[in-house]
Each structure stands twice: as C-alpha cells, then as structure tokens.
Amino acid sequence: MAADRDRIGPDAAIWSARRRMLALDGGGTRGIVAIAFLERIEALLRVRSGRDAAFRLSDHFDLIGGTSTGAIIAAGLALGRSVEQIKQVYFELGPAVFRKRWHIPLFQARYGSAQLGAILTREFGGITLEDPALRTLLAVVTKRVDTGSPWIVSNLTTQPYWNDRPDGARQGNRHIGLASLVRASAAAPFYFGPERIPISADVTGTFVDGAVSPYNSPTIPLLLLATASRYGLNWPVGVEELSIVSVGTGRSRPPPPSAWTPSAKLAVDGLRGVIEDTMSTSLMLMQWLGATQLPEHLNRDVGTLAGEPLGGRELFAFQRFDVRLEESWLETYFGLPFEAREIIRLRQIDDAGAMGALYDLAREVAERMIRVDGE
C-alpha cells in the first residue's frame with residue numbers, strides 16, 4: 001500500500017477550490033481506465049457532500065471536458081449520470097463497436113460507424129448543446145479536417161459562434177446535436193469514418209477524432225474557456241480559486257523499432273508519437289503553472305516541475321490521475337505483477353476483450369492513490 005504522502009485525500013486543494021474543472025483524455029476502449037478513477041473520485045466527493053446516492057460529479061465540477069472516448073464520458077457526466085450508469089454503457093459499447101469487419105485497408109475504416117452512432121443516438125439523441133438537460137458546462141474537442149482546425153465546442157453561451165450569424169452564413173453551435181458532436185470527437189481516423197455536421201445551409205463540416213489535434217488531453221482548452229476574456233467566464237486564478245483534475249486512459253512508451261521495421265510503420269508510429277508529445281507538453285504546462293500534490297514524472301530530463309511555478313505564482317490546483325502500462329511502473333509503485341505480453345494487450349485502444357482486466361487494474365491503482373474519508 002502506498003504511503004499517505006503518495007495519496008490524495010479529501011482535504012486536497014483540487015477538491016476545495018471555488019471553481020473546478022474535469023478534463024478527460026481520449027484513448028478508445030482504454031477509456032475504462034478513466035471510469036475506474038472517476039468511480040473513486042465520485043465516492044470521495046459523495047462522502048464530502050453528504051448526499052449519498054443522489055450525488056453526481058456534475059454537482060461538483062463546474063466545467064467538464066473530453067476528447068474522443070473522454071467526450072463520451074464527459075457528455076454522460078454533464079447530463080447528471082452516475083459513473084456506474086456510464087460504466088454500464090461503456091461495457092456494452094466496447095464489444096458492440098470494436099467488432100472486426102471486412103474492409104479494404106487504407107480505403108475503408110477498420111470498424112463500421114453505424115453501431116457507434118446508434119448507441120450515441122440512444123444515449124444522447126434529441127439533446128442539443130442548448131438543452132437544459134446539461135447540468136454543468138461541457139466542452140468537447142474535435143478536429144474539422146476540411147479546414148484543418150481543432151474545434152472546442154461547448155455549451156458556454158458567451159463563447160464565439162454560439163448564436164446564428166445574422167446574415168445566415170453560419171448556424172450557431174447551440175443547434176449541434178450532442179450525439180453528433182460526441183461521434184465527431186470519437187471518429188478516430190483508420191478506426192471510424194468521419195462525422196459530418198451542418199455549418200450553414202450550404203456548408204457541411206467534416207470532423208474526425210479530437211485526438212489528432214494538440215488536445216488529446218483537453219486541459220489547455222478548458223483553461224482557456226475558464227480564464228480567457230474572449231469566452232466570457234473570466235474565472236479568477238489562484239490555488240483556492242481554480243482547480244483542474246485531469247484523468248488519463250493509460251500511457252506507455254512505444255516499443256523500440258528493429259532494423260527490419262518497415263518505413264511505413266515508422267511513419268505511422270511517428271504520427272502517433274506526435275499525439276503523445278503534445279499531450280506530454282500539455283501536462284508539463286499544467287505542472288509548471290499549477291500546484292500539484294502528486295506530480296507525475298514528466299521525463300528523465302525534466303523530472304517534475306512541482307514547487308517551481310512559472311513566474312513564482314501557482315495559478316490553479318492541478319492533479320493528474322493515470323496508469324502507466326509498463327512493467328517497471330506497475331511493479332515499482334504498486335507491486336502488481338504483469339507479464340509483458342499481457343501489458344501489450346492492455347495498451348490497445350480497440351481490444352474490447354481487455355476492458356475487464358484494464359478496469360480491474362485501474363480500480364486498484366485508484367483505490368491506492370485516492371483516499372476516501374475514514375479509510
């Protein structure tokens with residue numbers, strides 16, 4: 001069992017700040033890691049609230065944002081659903097969606113989009129961003145490939161593009177259906193086809209997974225929405241004023257290439273590495289700007305940036321919860337024995353058969369890392 005200094009308790013600044021944000025990474029079926037951590041966080045905050053089963057994470061967090069699989073979870077939380085409810089949907093969604101089919105490689109997506117769209121429509125259909133069913137602020141990260149720009153779409157009414165343009169050249173984001181928006185955020189190239197969302201009467205945007213933008217970890221977009229004057233919230237900064245909880249879906253270093261690794265695979269691995277690099281940069285900035293009780297090791301060069309805030313002032317409380325899907329990490333920090341081939345399977349983002357084992361692992365890590373009153 002980890003020492004108390006290696007655990008987050010109910011008195012941590014991330015829970016008690018006046019304004020609180022929750023950022024959920026992308027990661028396909030590995031989103032079950034985030035759900036395991038969220039279960040533990042929900043249990044902690046339920047005890048603090050004194051509301052028992054009536055408590056929801058939407059009662060605590062003022063802004064919830066997600067990318068890709070994190071957008072699915074974020075949307076459910078913003079609608080006031082319990083983590084248990086979302087977990088049930090997730091264990092249904094994985095096997096139903098990640099079902100191999102015949103396809104033409106390089107010309108067709110590996111998986112069909114119909115089942116994903118059907119489940120999202122069942123869960124979120126009929127709800128638009130202006131629907132009062134959303135109990136807290138929600139932000140979803142996607143990428144519009146026909147213009148090459150990341151889109152951070154929220155139900156913040158003061159955000160640019162919320163309303164229709166008076167000349168009719170663009171309809172406001174308020175009309176976007178939640179199911180379609182989440183489907184766009186989760187439309188991972190190679191795995192699923194893109195999602196098309198009407199922009200105006202004669203323009204339709206083509207959207208893919210938000211993970212192929214710089215924001216697979218949506219922490220920076222959430223911080224911008226909360227503090228930049230352009231968006232209208234203008235939440236004050238400071239450790240007691242603002243907090244960001246970031247929840248990952250499991251990370252690992254890529255295997256080293258061999259002398260026989262094809263150049264095409266090296267190119268694909270390089271592009272995947274860009275996603276990891278941008279996420280690492282985001283988390284580095286969060287440590288550099290904020291106060292972190294359990295700082296995550298960033299890299300061998302930097303280590304952590306805890307205790308040396310940029311400019312000498314910590315602008316918010318920040319905490320990252322995640323699992324390193326690496327033998328040495330699991331053994332060193334938690335004494336959990338795993339064979340290398342088992343860990344390799346857990347790293348896949350489209351293996352629904354590994355979800356149960358991954359959930360059990362993440363739940364164990366979450367219980368050791370996050371303390372509930374009385375434990």
Is the number of heavy atoms from other residues, nucleotides or ligands within 6.0 Å of [atom1] ([X]) greater than 12?
X      : atom1 : answer
Trp15  : CH2   : yes
Arg51  : CZ    : yes
Glu342 : CD    : yes

Ignoring hydrogens and angles, tell me if any N or O in the side chain of [X] forms a donor-acceptor pair with the backbone of [Y] under 3.5 Å.
X      : Y      : value
Gln348 : Ile344 : yes
Arg40  : Ile370 : yes
Gln115 : Ala96  : no
Thr158 : Tyr231 : yes
Gln287 : Leu305 : yes
Asn299 : Val302 : yes
Thr67  : Gly70  : no
Arg165 : Gln171 : no
Asn173 : Trp162 : no
Asn155 : Leu137 : no

State, with a plain yes or no, whether a side-chain heavy atom of [X] is found less than 4.5 Å away from one of [Y].
X      : Y      : answer
Trp329 : Val323 : yes
Arg170 : Val203 : no
Ile176 : Val153 : yes
Thr142 : Val208 : no
Thr278 : Asn216 : no
Ile35  : Ile86  : yes
Val140 : Leu129 : no
His175 : Asp164 : yes

So which atom in [X] and which in [Y] form the shortest heavy-atom distance, rounded to 0.1 Å?
X      : Y      : result
Val83  : Glu42  : N-OE2, 3.2 Å
Pro295 : Gln293 : CD-O, 3.3 Å
Asn234 : Ser229 : OD1-CA, 3.1 Å
Ile41  : Val245 : CD1-CG1, 4.2 Å
Pro214 : Ser282 : O-OG, 4.1 Å
Pro218 : Gly65  : CG-O, 3.9 Å

Side chains of [X] and [Y]: is there a donor and an acceptor less than 3.5 Å apart?
X      : Y      : result
Ser154 : Gln159 : yes
Ser180 : Glu195 : yes
Asp25  : Thr249 : no
Glu84  : Gln88  : yes
Lys143 : Tyr215 : no
Arg320 : Ser246 : yes

Gap separating the [atom1] atom of [X] from the [atom2] atom of [Y], nearest 0.5 angstrom:
X      : Y      : atom1 : atom2 : result
Leu63  : Leu233 : CG    : CG    : 7.5 Å
Thr227 : Phe316 : OG1   : CZ    : 9.0 Å
Glu326 : Leu346 : CD    : CG    : 12.5 Å
Arg19  : Ile244 : CZ    : CD1   : 14.0 Å
Leu283 : Ser217 : CG    : OG    : 4.5 Å
Asp52  : Phe55  : CG    : CZ    : 11.5 Å

Decide yes or no on side chain to side chain contact (heavy atoms under 4.5 Å, CB included) for Trp151 and Ile197, but give the supporting numbers first.
CA-CA 12 Å; Trp151 275 37; Ile197 298 177; over 6 Å; no

Run the salt-bridge test on [X] and [Y] with the 4.0 Å N-O cut-off and return the result as yes or no.
X      : Y      : answer
Glu296 : Arg251 : yes
Glu241 : Arg20  : no
Lys87  : Glu39  : yes
Asp146 : Arg144 : yes
Asp360 : Arg363 : yes
Glu123 : Arg81  : yes

With side chain to side chain contact (heavy atoms under 4.5 Å, CB included) as the test, would you mind laying out the steps for Asp131 and Leu178 before giving the verdict?
CA-CA 9 Å; Asp131 197 307; Leu178 187 58; over 6 Å; no

Treating Ile, Leu, Val, Met, Phe, Trp and Tyr as nodes and any side-chain heavy-atom pair under 4.5 angstrom as an edge, say whether [X] and [Y] lie in one connected cluster.
X      : Y      : result
Leu222 : Leu134 : no
Leu79  : Leu93  : yes
Phe318 : Leu45  : no
Met21  : Leu24  : no
Leu138 : Leu225 : no

Side chain to side chain contact (heavy atoms under 4.5 Å, CB included) between Leu294 and Ile8, worked out
CA-CA 8 Å; Leu294 294 183; Ile8 297 292; 3.7 Å; yes

From the list Leu223, Leu315, Ile14, side-chain contact (heavy atoms from CB on, under 4.5 Å) with Leu242 holds only for Leu223

Show your reasoning for whether side chain to side chain contact (heavy atoms under 4.5 Å, CB included) applies to Met286 and Ile220.
CA-CA 8 Å; Met286 292 298 105; Ile220 289 178; 3.9 Å; yes

Relative to each other, are the rings of Phe37 and Phe321 parallel, tilted or perpendicular (30° and 60° limits)?
parallel

